[in-house]
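Please read the structure below before turning to the comments.
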Amino acid sequence: MLDPSEIYAVDPAVAAEVEARSAGGSGPVLVHAVRGFVDAGGAGRLAAEHLVDTYDTARLATFDTDQLMDYRSRRPTATFDANRWSGYDQPELVVDLVRDSAGVPFLLLHGMEPDVQWERYVAAVRQIVERFDVPLTVGIHGIPMGIPHTRPLSVTAHANRPELVADHMPWFGTVEVPADASTLLEIRLGESGHDAVGFAVHVPHYLAQSSFPQAGILALEHVRRTTGLDLDLAELTESAQEAMLEVERQVSESPEVAAVVHALEQQYDAFSKNIGRPNLLADTSDIPTADELGAEFERFLAEQGPDTDR
């Protein structure tokens, strides 16, 4: 492996502040929400954006995205203005020092998930964890699930030590899924003796491609419970209320969509009555599949015209 320290740079002044605050005690927790393979409803993205917009931040570490990104796989956007290129959306992968509402510092790793050199990237994050005495790393993102937006959202909790998520009911048995860099980070941190947990918010799959602030709120609520950080969710809550009104409006205007949402409600309620079952879903023989529900909702949205907020 190439030297992990050569793919990121640390601001010495900010680093000194973090080290001074953690001298003689535990360092700041690290929250990570990188954008990549899956983040249904933008749960992790919305949570990270909310933290950056709500609190003062200082850039602690900056990763060299030129070494970690495949630009042809995920092309950055550029702005063309009449007869010239006037802007380029430079991909970022950074660690910010953030202070919560009580002034308690924590670290926020956010930006684009690396496309390549995952082991090197994870080793670099581990260097940051060890340098700043991070006691706990917490990851957040969203995953699509067959649940209705009219019922409370839930999460899948995971950790590299079972004790860290002992209060959470597992939703799945053993499954194989495509990995991402955050998955590898949790595994490698555990192998090196560092605690890491993660929360995957269950997002209605017909809203997986939309921004669903409710998912970001639940992700941050779990960060708050797990870390004790004082996080103000007021602005995100307001956005969630507006988003829910828009979803309700669109559902009410389509009998077809209303029918599939009702079917999901029946499924959810049946599961709630049989919470002891090992699988998330109850009998689904008469319930539309995820593809059918998603296709129906996409068709409905397409019919709404260019003014529809997707």
*Would Asp269 and Arg151 pass as an ion pair if we require N to O under 4.0 Å?*
yes
_Basic-acidic side-chain contact under 4.0 Å: Asp39, Arg45_ =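 Salt bridge absent between Asp39 and Arg45.
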*Who passes ring pair (Phe, Tyr, Trp, His ring centres under 6.0 Å) against His168, sequence neighbours left out?*
Phe199, His222
Looking only at heavy atoms, which two atoms of [X] and [Y] are closest? And how far apart?
X      : Y      : value
Val165 : Ala157 : CG1-CB, 3.8 Å
Gln214 : Ala243 : OE1-CB, 4.4 Å
Pro105 : Arg21  : CG-CD, 3.8 Å

*Val98 backbone acceptor or donor facing Asp96 side chain under 3.5 Å*: no
*Do Tyr121 side-chain atoms and Phe63 backbone N/O form a donor-acceptor pair below 3.5 Å?*
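No.
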Checking side-chain polar atoms at under 3.5 Å, does [X] have a donor or acceptor matched by the opposite partner on [Y]?
X      : Y      : value
Ser5   : Asp3   : yes
His110 : Glu49  : no
Glu235 : His50  : no
Tyr88  : Thr77  : no
His194 : Thr137 : no

